[in-house]
Amino acid sequence: MHDLRVIPDSVWWAEPTATFPTFEGEMDAEVLIVGGGITGICLAYTLADQGASVALLDAGPLAGGASGRNAGFLMVAPAEPYNEQIALWGRPGAKAVLECGRRSHQRVRALIEAHGIACDYRANGSLRLTRTEEEAEDIRASLAALKSDGFPMLELPLSHAVPPHAVERFTASFVTLEDGELHPVWFLHALAAEAGRKGARLFGGSAVTGAAWRGGVWEARTERGIARARTLVLATNAWTPRLCPALTPLIAPRRGQMVATAPLAREVAPRPTYAHWGYHYWRQTADGRLLMGGWRELDPDGETGFDAVTTEPIQAAIERGLSELVPEGTTIERRWAGIMAFARDGRPLVGWLDAEHHLALCGGYTGHGLAMAPACALDLADLLAWRKAPGISTFDPSRFAELRQARDGVTALGVAAE
Ligand SMILES: Cc1cc2nc3c(=O)[nH]c(=O)nc-3n(C[C@H](O)[C@H](O)[C@H](O)COP(=O)(O)OP(=O)(O)OC[C@H]3O[C@@H](n4cnc5c(N)ncnc54)[C@H](O)[C@@H]3O)c2cc1C
């Protein structure tokens with residue numbers, strides 16, 4: 001089982017980083033955020049910056065969930081070809097996802113610049129490599145729609161995208177120039193500290209066991225304290241159904257595994273790269289390490305649940321992927337796993353879960369949250385202040401009939417609901 005209290009073994013925790021106090025006693029806030037990954041931290045920063053009184057409680061170290069175990073890609077487009085997205089969601093729905101990706105990246109860059117955050121941020125674009133002609137044709141078929149919607153993706157000769165010895169492994173390559181990458185934990189811990197300077201109160205090691213709406217206020221309990229707030233936001237991603245079981249059919253925990261090598265002497269991955277429909281991904285960090293992960297398509301039933309452990313078959317597949325890029329071999333220094341929240345329809349759930357009882361939700365990014373959460377959090381802050389938030393209108397959780405039916409009231413969460 002995923003112990004939320006442990007420090008992750010991902011490459012992003014190789015060096016000591018910030019720590020945040022445990023919550024004890026009682027506190028009052030206007031907004032209480034449960035969950036301190038990229039969603040919770042971006043929202044805490046945004047609300048504090050707007051002058052709201054905000055508190056955040058995380059079960060473990062801040063950014064210890066998926067946010068501190070990912071690949072650090074900031075990619076505007078999700079893995080699925082754009083034409084597929086249009087077929088599913090119509091042009092406005094498909095474009096809303098791209099706009100969310102672009103606004104998230106812009107928000108991240110603006111925060112890095114405003115606060116001088118050192119987080120190895122680079123914006124050199126990203127690559128998509130295909131392993132079959134069918135996949136290449138699917139991506140080519142989307143290029144015109146992407147261009148006309150203002151999100152150009154360009155086909156590149158393979159020889160410009162991968163080292164010469166790897167060219168034969170792929171059928172085509174495409175570049176998105178606006179994409180980027182960063183060190184997620186350095187970024188998030190610095191942003192959390194900035195939120196603190198703006199008055200937000202952020203706590204780690206403080207799991208919320210239950211919460212109840214009493215007399216117009218949410219009262220949330222941790223092992224050692226009680227926090228009260230008029231508005232409560234669930235930023236607990238894969239773990240959200242544990243506090244709100246009505247979400248169990250809609251948000252499923254899915255595992256992603258990665259490795260990090262020792263620094264390589266040469267560049268083999270000039271840009272963050274997706275291959276094989278995004279199931280395989282890699283990048284090279286500023287110090288030359290190759291980070292590679294994915295291959296969950298080999299065992300979709302096994303790569304599910306809350307166990308953040310690595311498994312031999314997936315790790316072996318990642319190692320075969322490594323040998324495509326580094327045939328001479330290299331040392332793997334770290335292996336890790338993280339738990340993502342996959343939404344039933346593949347789109348995030350952002351908005352009111354129960355507006356009457358001031359309960360909101362932000363999560364379910366289906367493996368793409370680093371690149372979506374910052375804009376979702378910005379827009380959610382508007383919604384919490386009863387302002388319009390068109391950027392997230394197509395992510396409204398009420399698109400699911402189950403939640404519309406539950407709308408007559410979610411007034412208890414976790415143990416308080418049992
Ligand atoms: C291996 C891997 C690679 C990935 N690569 C990328 C990538 O390159 N680009 C990209 O865009 N996305 C990527 N993702 C997905 C991305 O990391 C997530 O979508 C994103 O981090 C979700 O952020 P979050 O804040 O919503 O959730 P999380 O970061 O999971 O945070 C949820 C937090 O809630 C806390 N919590 C849970 N229950 C409670 C409770 N009861 N009380 C208090 N706190 C609680 C947890 O401790 C946790 O810190 C990857 C994910 C994985 C696993």
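Both counts, for ligands and for their atoms, begin at 1 and track the order of listing.
Nearest protein heavy-atom contact of atom 3 (C) of ligand 1 is Asn70 CA, 3.3 Å. Of the protein's non-hydrogen atoms, the one nearest atom 41 (N) of ligand 1 is Val208 O, 3.0 Å. Of the protein's non-hydrogen atoms, the one nearest atom 27 (O) of ligand 1 is Asn237 CB, 3.2 Å. The nearest heavy-atom contact from the protein to atom 44 (N) of ligand 1 is Ala59 N, 2.9 Å. The shortest contact between atom 29 (O) of ligand 1 and any protein heavy atom is with Ser67 OG, 2.5 Å. Nearest to atom 10 (C) of ligand 1 among the protein's heavy atoms is Leu370 CB, 3.3 Å. With hydrogens left out, the protein atom closest to atom 49 (O) of ligand 1 is Asp58 OD2, 2.7 Å, a heavy atom. Looking from atom 51 (C) of ligand 1 to the surrounding protein, the closest heavy atom is Met340 CG, 3.5 Å.
Between His115 and Tyr45, the distance from one ring center to the other falls under 6.0 angstrom. Under the 6.0 Å cut-off for aromatic ring centres, Trp12 and His189 do not qualify, their centroids lying 6.0 Å or more apart.
Which of Gly60, Gly367, Ala66 comes nearest to atom 15 (C) of ligand 1 through a heavy atom is settled by distance: it is Gly367. Of the options Leu43, Leu4, Ile33, Thr39, the smallest heavy-atom separation from atom 24 (P) of ligand 1 is shown by Thr39. Taking only non-hydrogen atoms, the option from Ile38, Ile41, Thr236 nearest to atom 45 (C) of ligand 1 is Thr236. Proximity annotation for atom 18 (C) of ligand 1: of Gly369, Ala63, Ala235, Gly369 comes nearest, heavy atoms only.
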Hey, mind stepping through His105 and Glu178 against side-chain contact (heavy atoms from CB on, under 4.5 Å) and telling me if it holds? CA-CA 9 Å; His105 188 162; Glu178 71 181 273; 5.6 Å; no

Ile86 vs Asn83, test: side-chain contact (heavy atoms from CB on, under 4.5 Å). Steps then yes/no. CA-CA 5 Å; Ile86 293 171; Asn83 278 1; 4.1 Å; yes

Q: Mind running side-chain contact (heavy atoms from CB on, under 4.5 Å) on Arg91 and Asp149 for me, showing each step along the way?
A: CA-CA 9 Å; Arg91 200 78 178 234; Asp149 284 354; 2.8 Å; yes

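Contact annotation: for Leu57 versus ligand 1, heavy atoms closer than 4.0 Å belong to the backbone alone. Contacts between Phe73 and ligand 1 below 4.0 angstrom, taking non-hydrogen atoms only, involve backbone and side chain alike.
Atoms of ligand 1 found under 4.0 Å from any heavy atom of Gly65, numbered from 1 in the order shown, are 29 (O), 30 (O), 49 (O). Heavy-atom contacts of Ala71 reach the following atoms of ligand 1: 3 (C), 4 (C), 5 (N), 6 (C), 8 (O) (cutoff under 4.0 Å). Atoms of ligand 1 found under 4.0 Å from any heavy atom of Ala371 (numbered from 1 in listed order, with element): 11 (O). In the vicinity of Met258, heavy-atom distances shorter than 4.0 Å reach the ligand 1 atoms 1 (C). Numbered from 1 in the order shown, with element, the atoms of ligand 1 that lie under 4.0 Å from a heavy atom of Arg69 read 1 (C), 2 (C). Below 4.0 Å from some heavy atom of Gly338 lie the following atoms of ligand 1, by number and element: 53 (C). Shown in contact with Trp239 at under 4.0 Å from a heavy atom are these atoms of ligand 1, numbered in order with element: 30 (O), 37 (C), 38 (N). Residue contact check: Gly37 has heavy atoms under 4.0 Å from atoms 25 (O), 29 (O), 31 (O) of ligand 1.
Considering every non-hydrogen atom in both Ala381 and Thr46, the closest pair reads CB-CG2, 3.7 Å. Residue Leu322 comes nearest to Met292 through the heavy atom pair N-SD, 3.3 Å, listed as atom of the first residue, atom of the second, then distance. Between Leu202 and Ala44, the closest heavy-atom pair is CD2-CB, 4.4 Å.
Residue Gly72 places a heavy atom less than 4.0 Å from ligand 1. The closest approach between Tyr281 and ligand 1 falls below 4.0 Å for a heavy atom of the residue. Remark: distances from the non-hydrogen atoms of Ala207 to ligand 1 include one below 4.0 Å.
Ile318 places none of its side-chain heavy atoms less than 4.5 Å from the side chain of Met258.
For the pair Thr273 (side chain) and Leu127 (backbone), a donor-acceptor distance under 3.5 Å is absent. Put simply, the side chain of Trp336 gets close to the backbone of Arg69: a donor and an acceptor are under 3.5 Å apart. The main-chain N or O of Arg221 is found under 3.5 Å from a side-chain atom of Thr209 such that the two form a donor-acceptor pair.
A salt bridge links Asp287 and Arg289; the closest N-O separation between the charged side-chain nitrogens and carboxylate oxygens is under 4.0 Å.
Heavy-atom neighbours of Glu223 CD from other residues, nucleotides or ligands within 6.0 Å: at or below the threshold of 12.
Side-chain contact of Gln315 with Gln257: a donor-acceptor pair under 3.5 Å is present, judged by distance alone.
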